[in-house]
Amino acid sequence: MHRRLRATPEWSGLRARCLHLPVRRSLLDIDRLRHSTAHVMAAAVCRLYDGVKLDIGPATDDGFYYDFDLPVRIAPEDFPKIEAEMARIVGQNAPFERVVMSRGEAEKTLSGAGQTYKLDRLSDIPAGEEISFYRCGDFADMCRGPHVASTGDIRAFKLVSVAGSYFRGRETNPMLQRIYGIVAATQKELDAHLERIEEARRRDHRKLGKELDLFSIHESVGPGLVHWHPKAARMRVLVEDFWRREHFRSGYELLFTPHIGRANLWQTSGHLDFYRDSMYSSMDIDGDDYFIKPMNCPFHIQVYQTQKRSYRELPLRWAELGTVYRYEKSGVLHGLLRVRGFTQDDAHIICTPEQIFDEIKSVLAFCLRMFRAFGFSEFRAYLATRPAKAVGEESRWDEASRSLEAALKSEQVEYEVDPGGGAFYGPKIDIKVRDVLGREWQMSTIQFDFNVPERFGLVYVGEDGREHRPYMVHRALLGSLERFFGILIEHYGGAFPLWLAPEQVRVLPVTEKQLDYALKVESALRGRDIRATTDKRSEKLGAKIRSAQLDKVPFMAIVGQKEEASGAVSVRGRSEGDMGARPVDAFAEMLVAGSVPGAAESGNRPT
RNA sequence: GCCAACGUAGCUCAGUCGGUAGAGCAGCUCACUCGUAAUGAGCAGGUCCUCGGUUCGAUUCCGAGCGUUGGCUCCA
């Protein structure tokens with residue numbers, strides 16, 4: 001899941017631009033610094049606490065961590081103490097010395113020190129490979145390295161969090177304590193990094209969702225179940241309308257299907273065999289078991305099966321904004337990004353073998369077009385191919401995988417292949433999108449399904465008059481509307497572009513004497529489908545402007561005596577400031593022109 | 001689900017070493033009628049997450065549960 005990115009020049013350039021990370025050093029050097037700092041942290045923890053058992057302390061994408069088994073609980077309040085000890089070690093400028101040992105020596109050293117986790121890790125090292133320790137002052141750790149020359153090279157670091165983590169990530173193993181830290185070459189770079197974390201915190205969709213009155217999740221209703229407030233609902237309608245229009249234009253038709261279905265259906269589809277852990281328990285209706293849907297595909301298949309299908313009507317492209325419910329473990333729920341009930345922008349494409357190349361290519365192009373409309377321009381794809389255990393003929397897998405790869409090449413999307421990483425039922429492409437802060441979000445998935453068509457006996461009649469099994473592709477572009485909305489909030493920092501803003505204009509009367517005129521302006525704008533409201537409070541103009549700014553409304557229309565006399569408004573842009581007076585009609589014209597779906601706007605810069 | 005922390009007004013938070021609580025903002029009322037990021041005064045607002053236990057007395061201590069947060073894991 002947390003795959004390390006390859007340091008292609010193009011990609012690291014992007015990182016540098018978006019994450020404000022140092023460009024001068026190669027990623028290897030920064031990793032060396034991170035890993036060495038993890039050692040220094042481990043050394044400090046060993047000095048401060050007794051009975052420390054070490055596991056590992058690797059560099060991560062933006063820092064480092066070290067896993068410990070400790071008799072005491074570490075809390076963030078302990079960080080200053082550990083950091084102070086780390087600073088002492090750095091001050092000593094102790095060199096990192098590499099010590100090579102035989103397996104026997106290493107075993108003796110580790111078991112003598114009671115380092116059981118390390119012993120376990122030692123057994124992972126293949127026979128014949130060199131076993132090295134790195135010593136630094138009074139601390140030594142089995143480690144492949146490499147390290148910086150000495151601790152004095154570590155100038156700016158900070159511990160950021162502590163959390164539990166299973167040894168080797170397995171639930172059955174003991175839970176260790178993981179301390180996370182960040183490190184940079186200079187204090188300035190560290191500060192920049194901290195500033196980036198701060199910016200991400202400011203943009204947190206859970207925080208903005210509350211501040212901007214967008215959505216809520218209620219303990220009384222249940223965790224992971226989202227309530228869209230009026231402003232968010234308005235935005236969702238804008239997204240959905242745009243989505244539907246684009247689908248119709250791209251040759252899709254829409255379906256609406258039920259929320260529940262008989263157990264037998266899920267038995268046939270295989271969900272009850274393979275996916276039951278993620279499904280909610282059944283409900284009894286007239287003595288039959290029904291399940292709430294975790295996916296839409298079995299329903300779409302039913303629609304397909306209502307007729308004998310000919311090759312002439314393929315490809316069929318059926319899309320549905322289908323709300324599905326899936327059980328997610330309580331610990332993984334996270335705002336809008338990980339929920340239990342969500343609306344997939346699902347579609348199934350059923351086509352002949354001859355059609356799959358073109359179909360995949362156009363799905364991918366459609367996908368990128370969609371993202372660009374929402375202000376995303378950096379993508380990365382992961383192609384997952386046939387695993388050892390898989391259903392479906394190998395030739396079909398090959399054909400499907402080739403079509404996926406060809407589409408990626410033809411659309412010039414950077415991608416990585418994950419050999420054998422596909423699900424048992426088909427190969428797939430997952431597409432990740434970078435937001436304005438340089439964070440990567442998995443959104444789209446385009447996957448072949450060789451399982452469901454087989455299980456439901458899907459066929460079409462070919463030119464030869466015989467029955468053939470069609471290819472079925474399952475795809476979601478935005479993924480889930482809930483999750484996509486959360487990402488949009490963070491990408492734009494709540495300052496949505498004009499076409500998506502739930503409130504596009506707020507009319508601000510200078511005094512209550514202009515309230516009637518303000519309401520007239522509001523109604524004129526609404527007449528042009530512009531989302532306008534009026535601030536009717538008895539406040540000074542400055543206060544009204546402040547509220548509108550905080551609510552991130554794209555435009556304010558200020559109306560005082562002068563404007564009323566001339567049938568005008570004074571326009572103030574949320575990022576432009578005072579834009580001067582103009583007639584109401586001209587203002588409306590400007591807004592309508594700027595509200596085209598997908599219209600780019602500079603509303604997403606960090607503020 | 002697991003480890004840890006947290007849960008006080010609509011929001012952000014303070015506080016109570018066990019004697020049922022307070023601020024700012026938001027809301028409401030009144031006054032003010034104001035020109036590009038906060039006018040003033042007043043009012044109202046709380047099952048201190050829930051349920052048990054200890055105690056004369058629990059928001060505070062203990063236990064369980066629920067939820068949130070940070071991770072782990074999971075994401076056919």
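Below, chain A is the first sequence line, B the second, and so on; all start at residue 1. Computed over heavy atoms, backbone and side chain alike; hydrogens, waters and symmetry mates excluded. In this text, all values refer to a predicted model and were calculated from it rather than measured experimentally.
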[X] NZ/CZ over [Y] ring centroid, <6.0 Å and within 45° of normal:
{"X": "A:Lys432", "Y": "A:Tyr382", "answer": "yes"}
{"X": "A:Lys293", "Y": "A:Phe299", "answer": "yes"}
{"X": "A:Arg178", "Y": "A:Tyr65", "answer": "yes"}
{"X": "A:Arg380", "Y": "A:Tyr415", "answer": "no"}

Have a look at [X] and say if it touches a base, only the backbone sugar-phosphate, or nothing, with a 4.0 Å heavy-atom cut-off.
{"X": "A:Glu77", "result": "nothing"}
{"X": "A:Gly169", "result": "sugar-phosphate"}
{"X": "A:Ala423", "result": "nothing"}
{"X": "A:Ser547", "result": "nothing"}
{"X": "A:Leu333", "result": "sugar-phosphate"}
{"X": "A:Lys544", "result": "nothing"}
{"X": "A:Tyr327", "result": "sugar-phosphate"}
{"X": "A:Gly560", "result": "base"}
{"X": "A:Glu211", "result": "nothing"}
{"X": "A:Gly335", "result": "sugar-phosphate"}

Distance in angstrom units between [X] [atom1] and [N] [atom2], rounded:
{"X": "A:Tyr65", "N": "B:rG71", "atom1": "OH", "atom2": "P", "value": "13 Å"}
{"X": "A:Ile74", "N": "B:rG70", "atom1": "CD1", "atom2": "P", "value": "21 Å"}
{"X": "A:Leu337", "N": "B:rC74", "atom1": "CG", "atom2": "C1'", "value": "16 Å"}
{"X": "A:Arg73", "N": "B:rC3", "atom1": "CZ", "atom2": "P", "value": "9 Å"}
{"X": "A:Arg201", "N": "B:rG70", "atom1": "CZ", "atom2": "P", "value": "12 Å"}
{"X": "A:Arg340", "N": "B:rC66", "atom1": "CZ", "atom2": "P", "value": "11 Å"}
{"X": "A:Glu328", "N": "B:rU68", "atom1": "CD", "atom2": "P", "value": "13 Å"}
{"X": "A:Lys207", "N": "B:rG70", "atom1": "NZ", "atom2": "C1'", "value": "18 Å"}

Is there any protein nitrogen or oxygen under 3.5 Å from a nitrogen or oxygen in nucleotides 23-33 of chain B, and what are the pairs?
from, atom 1, to, atom 2, distance (Å)
B:rC32, N3, A:Ser538, OG, 3.2
B:rC32, N4, A:Ser538, OG, 2.5
B:rU33, O2', A:Lys513, NZ, 3.0
B:rU33, O2, A:Glu512, N, 3.0
B:rU33, N3, A:Glu512, OE1, 3.4
B:rU33, O4, A:Glu512, OE1, 2.6

Can you tell me which nucleotide in [options] comes closest to the side chain of [X]?
{"X": "A:Ser330", "options": "B:rU39, B:rA37, B:rG1", "result": "B:rG1"}
{"X": "A:Arg572", "options": "B:rC2, B:rA4, B:rU36", "result": "B:rU36"}
{"X": "A:Lys329", "options": "B:rA4, B:rC66, B:rG1", "result": "B:rG1"}
{"X": "A:Tyr425", "options": "B:rA76, B:rG7, B:rG70", "result": "B:rA76"}
{"X": "A:Arg338", "options": "B:rC3, B:rC75, B:rG35", "result": "B:rC75"}
{"X": "A:Met295", "options": "B:rA76, B:rU68, B:rC3", "result": "B:rA76"}
{"X": "A:Ile545", "options": "B:rG1, B:rC3, B:rA37", "result": "B:rA37"}
{"X": "A:Lys210", "options": "B:rA76, B:rG7, B:rU12", "result": "B:rU12"}
{"X": "A:Arg546", "options": "B:rA38, B:rU73, B:rU36", "result": "B:rA38"}
{"X": "A:Asp449", "options": "B:rA4, B:rA76, B:rG35", "result": "B:rA76"}

Nearest nucleotide by nearest heavy atom, which residue falls closer to the 5' end of RNA chain B, A:Pro223 or A:Met175?
A:Met175

Assign each of A:Leu541 and A:Val452 the nucleotide of RNA chain B bearing its closest heavy atom; nearer the 5' end lies the nucleotide of A:Leu541

Considering only atom [atom1], compute the distance from [N] to [M] and round it to an integer number of Å.
{"N": "B:rU60", "M": "B:rC32", "atom1": "P", "value": "49 Å"}
{"N": "B:rA5", "M": "B:rC61", "atom1": "P", "value": "14 Å"}
{"N": "B:rC6", "M": "B:rC13", "atom1": "C1'", "value": "14 Å"}
{"N": "B:rG24", "M": "B:rA41", "atom1": "P", "value": "10 Å"}

For A:Gln504, the side-chain hydrogen bond (donor to acceptor under 3.5 Å, both in side chains) test, sequence neighbours excluded, returns A:Ser595

Would the base of B:rG71 count as contacting A:Tyr166 through its side chain, where contact means a donor and an acceptor less than 3.5 Å apart?
no

Counting only distance, no hydrogens or angles, is the base of B:rG71 paired donor-acceptor with the side chain of A:Gln177 under 3.5 Å?
no

Now, which nucleotide makes the Watson-Crick or G-U wobble pair with B:rC34, with each of the two distances under 3.5 Å?
none

Using Watson-Crick geometry (N1-N3 plus N6-O4 or O6-N4) or G-U wobble (N1-O2, O6-N3), each under 3.5 Å, B:rU73 is paired with none

Is A:Glu198 paired with A:Arg201 through a side-chain N to carboxylate O contact shorter than 4.0 Å?
yes

SB check A:Arg469 A:Glu393 (cutoff 4.0 Å)
no

A:Phe484 and A:Trp441 aromatic centres sub-6.0 Å
no

OP1, OP2 of [N] versus side-chain N and O of [X]: anything below 4.0 Å?
{"X": "A:His334", "N": "B:rG70", "value": "yes"}
{"X": "A:Arg206", "N": "B:rU68", "value": "no"}
{"X": "A:Arg178", "N": "B:rG71", "value": "no"}
{"X": "A:Tyr180", "N": "B:rC72", "value": "yes"}

A:Thr323 and A:Thr343 side chains, donor-acceptor separation under 3.5 Å:
yes

May I ask you to list the residues of residues 272-279 of chain A, by number, that have any heavy atom positioned under 4.0 Å from an atom of RNA chain B?
A:Phe274, A:Tyr275

Could you tell me how the ring of A:Phe485 sits relative to the ring of A:Phe215: parallel (under 30°), tilted (30 to 60°) or perpendicular (over 60°)?
perpendicular

Check the orientation of A:Tyr66 and A:Phe68. Use parallel for under 30°, tilted for 30 to 60°, and perpendicular for over 60°.
parallel

From the options A:Lys207, A:Arg202, A:Arg206, select the one residue that forms a salt bridge (charged side-chain N to carboxylate O under 4.0 Å, His left out) with A:Asp204.
A:Arg206

Using ring pair (Phe, Tyr, Trp, His ring centres under 6.0 Å) as the criterion, point out the one residue from A:Phe424, A:Phe450, A:Phe448 that pairs with A:Trp397.
A:Phe450

